[in-house]
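One structure is given below, encoded as structure tokens.
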Amino acid sequence: MSDGNPAKTTPYTVPIGPIHPALKEPVMFTFRMNGEQIEKADFAPGQTHRGIEWMGMRRNPIQIVHLTDRICGICGVSHSLAFARAVEQIMEIDVPERADYIRAIIAEFERIQSHLLWAGMAAHELGFDTLLHLTWRVREQAMDTIELLTGNRVNYGIIQIGGVRRDITPDQHPAIHECLDYYRDLQGKLLRIFLEDATIQMRCRDCGILTRDDALRLCTVGPTARASGVNMDVRVDFPYAAYGDLDIEPILPDRYLGETRGDVFDRIVVRLLEVEQSAGIIRQCLDVMPAGDILWETKIPKILAAFKKAHGEAVGRHEAPRGEVLHYVRMDGKEHPTAWKVKASSYSNLMSWIPMLEGEQIADIPIIVASIDPCLSCTDRVAVVRGGRRSIMTKEELHRLSVEKTRRLMR
Amino acid sequence: MLECGDAMANLPMIPELLKQLFRQPATNTFPAKYLPPSVTGFLKMVSRGEAAIHPPVATPPEFRGKITYEPEGCIGCSLCVKICPAHAIELVNETKTIRIYVSQCIFCSQCTDMCPKGSLKMSDEFLLADEDRYSDNLIVE
Amino acid sequence: MSLVDTALAVVLGTLAMAAFGFVAGLTVLGIDRKLAAHMQARIGPPIRQPFIDVAKLLRKENVVPENAIPWLFHAAPVIAFASTITILLYLPIGGIAPVFGGAGDLILIVYLLTVPALAMVAGGFASGSPYATIGAQREMVILMAYELPLAIAVIAIAWRLAAAGVAEPFSLAAIAANPVWGVVGPLGIVGFAILFVILAWVTPAELSRVPFDAQEAETELAGGLLVEYSGKNFALFYMAQGVKTIVMAALAVAIFLPWNLSDFVAMTPAVAVVADFAFFLAKVLLVAFFSVSLIRVSMARFRITQIVSVYWLWFGVLGLVGLLLIVLDAYAGVW
């Protein structure tokens with residue numbers, strides 16, 4: 001419309017971040033713009049590194065479980081579950097079956113509240129604040145149920161090495177069913193308001209496309225990958241906790257819309273349908289949950305003593321609301337682990353921003369950035385600051401530093 | 001762009017909005033409907049009985065709020081000190097009791113779970129905002 | 001002597017209108033926030049909140065960015081506020097005739113409406129921030145986009161009044177004296193209803209509200225045009241926003257809902273002034289609710305390209321359809 005304007009045709013740079021209303025967590029974007037169109041996108045994470053792994057290496061796994069709760073404010077149970085599973089594999093603990101079911105129930109409640117939170121956030125990025133208020137209001141039902149089951153709305157603290165800390169008692173079942181019924185009744189309205197709304201379609205359809213090939217090449221995980229038609233879900237591919245006994249099918253957008261475009265709209269579809277799926281999984285769990293213990297060992301001093309006999313390394317995986325989360329733990333017969341490495345789900349998804357953003361407009365930046373549900377404080381594991389200046393390290397440099405550190409440790 | 005024209009007609013939110021206009025808002029008006037000019041002033045008025053506070057949303061039975069401690073039963077085993085993920089508990093050597101810094105506490109309830117004497121409990125108190133992290137309200141001993 | 005009288009009347013009238021614009025504008029903003037909040041199931045701030053905000057902003061300092069052009073940066077909010085007050089002087093407020101009643105017409109108002117927008121553009125470019133620059137570019141594009149349907153609406157109304165034999169069809173006094181609905185047949189009523197809808201949809205763009213707020217776009221540009229404004233300057237822009245809301249609603253009222261209560265119910269002149277004024281405020285609130293509050297909470301923000309398409313293609317075509325209906329209506333009478 002104003003292509004003749006010389007000011008708009010010369011490429012210029014727009015910085016977004018580290019602090020900007022479009023971003024809910026700090027990350028630094030640099031866009032080379034041509035008018036309203038993005039020519040080149042670049043980003044620098046690492047703005048919110050907290051050194052949580054360093055803290056973990058000085059604590060025993062029972063303490064670390066509570067740290068993992070705080071890696072992410074929204075996936076409270078995902079990191080704890082992945083970490084606990086890693087430690088349990090090292091120590092060869094058989095988690096009681098009932099505990100496995102309770103873990104799955106809490107994880108699915110977390111998925112419900114996380115996806116609803118994301119849907120509200122996405123609506124806000126589109127300037128549709130009413131939907132933000134609506135989804136966050138209905139999210140409260142899940143939060144209240146989580147609070148009832150675990151004792152807190154956020155930072156549930158339900159996972160323990162070898163089980164869970166709180167049982168689901170029969171008198172809590174009516175409240176859980178009430179919550180599930182609420183979401184069953186709400187689902188139609190939610191889908192209608194999000195998917196039939198003309199303005200949301202105008203903004204999200206064919207916007208921020210991630211092709212299936214790019215999704216595979218960039219190793220995306222979770223709803224971001226599924227929205228591009230990649231059929232993957234850790235719960236189905238590598239079942240753990242109670243998921244092996246349950247009937248789960250990964251949600252792909254073509255099952256609802258008949259086609260997969262891999263755009264922002266598909267990501268909304270996948271997440272909204274997963275709310276319903278999670279409610280179904282919780283129902284299944286409640287139906288078939290066996291009676292029994294919820295902890296492998298109730299006496300904490302005994303667990304602490306067992307850490308001192310643990311040797312080995314293991315990887316714990318969990319399908320968090322944002323995708324696969326992975327914890328690597330190594331224990332060498334001490335109370336605290338020798339190594340603990342967290343790979344949050346967003347870490348795998350961040351690179352998909354580049355193909356999504358290039359060629360789109362400034363107006364689409366917030367919704368595209370939000371569409372992978374980025375969780376940057378979970379992702380940021382490293383920040384290099386030397387003499388007050390930040391620097392970017394290449395793969396080779398990182399490799400060299402890792403080798404040096406390993407040699408130092410082995411000495 | 002004619003598709004844009006068709007699309008304009010489809011705004012499923014509008015009937016919902018007009019209905020909601022005549023319904024009660026969902027917000028819980030804690031502590032008052034509108035922000036008082038001074039929150040501390042308002043709370044003082046409440047304590048003098050000059051103003052009414054709107055109650056917060058009720059906490060569930062097993063809520064993890066501010067920690068309570070009964071030194072009578074405590075044997076000073078310091079297991080809680082060892083297990084606290086936030087290093088919020090210290091052992092007072094003279095009395096063989098513990099001191100808990102609530103400003104440091106992360107409300108995980110791990111210590112109350114494992115206290116062999118049941119001296120530690122979680123209360124349902126959650127209004128702990130303070131200007132001084134070492135105020136009397138935030139140190140339990 | 002009469003010159004002094006006129007001057008005195010103009011000065012007093014202007015001061016009264018500025019006071020009215022300030023109070024009514026901020027009140028409308030407060031009511032808009034309250035209604036929007038209730039539609040979103042929130043309680044929202046008290047209606048007096050805009051006054052509290054302005055009082056606080058006026059006590060705060062102006063921060064001028066390093067790259068800014070200070071004189072332009074400071075002048076823009078003053079121009080924006082003053083020009084919106086100026087428009088108010090040409091609009092009838094209930095039974096009260098406009099201060100500059102005989103001097104200007106609808107065309108002048110359409111021109112004056114662009115002045116606050118241009119002041120914001122100037123302020124945005126003067127800020128020296130990339131966000132404000134993008135916002136200013138977008139504001140210019142939006143300005144061009146909504147001028148087309150607005151111009152179609154204004155021309156259609158004036159042309160129809162001229163066809164009906166009204167002298168000076170562009171004068172608001174003539175429009176108020178001959179309500180458009182009265183001079184046309186059924187086809188024309190449909191045509192004017194379409195134009196009324198168009199004016200209602202131009203209002204959010206004029207006021208930079210969702211879905212046409214790409215120039216401020218909180219989540220993209222962090223406030224766009226206004227990103228660098230703070231303190232007193234921001235308060236002036238905020239007040240201008242309130243007055244502009246009144247202006248747009250009063251314009252729609254003057255063209256499409258010009259009736260006064262005293263036309264229907266017999267009452268003494270003193271009562272009539274008060275009753276008409278109250279009735280006018282009620283009409284303004286009604287128009288503001290449907291064209292600002294309801295629209296802004298019920299949809300997502302458009303991209304700048306979509307705003308242009310919406311106004312040029314969708315509302316442009318709709319406006320031409322309305323115009324065509326009115327033309328047909330005018331000749332139907334002749335045939």
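Not measured: the values here are computed from a predicted model. Chain letters run A, B, ... following the sequence lines, proteins first and then strands; every chain starts at 1.
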Count the heavy atoms belonging to other residues, nucleotides or ligands that lie under 6.0 Å from [atom1] of [X], then report whether that count exceeds 12.
| X | atom1 | value |
| --- | --- | --- |
| B/Q104 | CD | yes |
| B/Q24 | CD | no |
| B/D136 | CG | no |

**Prompt:** Quick one: of B/T29, B/T27, B/L35, B/L18, who has the most non-hydrogen atom pairs under 4.5 Å with chain C?
**Reply:** B/T27
**Asked** What distance do C/S298 atom OG and B/L17 atom CG have between them, rounded to the nearest 0.5 Å?
**Response**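 Taking OG in C/S298 and CG in B/L17, the distance rounds to 6.0 Å.
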**Message:** Rounded to the nearest 0.5 Å, what separates atom CD in B/Q20 from atom CD in C/Q40?
**Reply:**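 Rounded to the nearest 0.5 Å, the CD-CD separation comes out at 10.0 Å.
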**Prompt:** For C/P45 and B/Y34, which heavy atoms make the closest approach, and how far apart are they?
**Reply:** C-CE2, 3.7 Å
**Asked** Checking C/L35 against chain B: side chain, backbone, both or neither under 4.5 Å from a heavy atom?
**Response**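 Interface part for C/L35: both.
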**Complete:** Looking only at C/M39, C/H38, C/R42, most heavy-atom pairs under 4.5 Å shared with chain B are made by C/M39
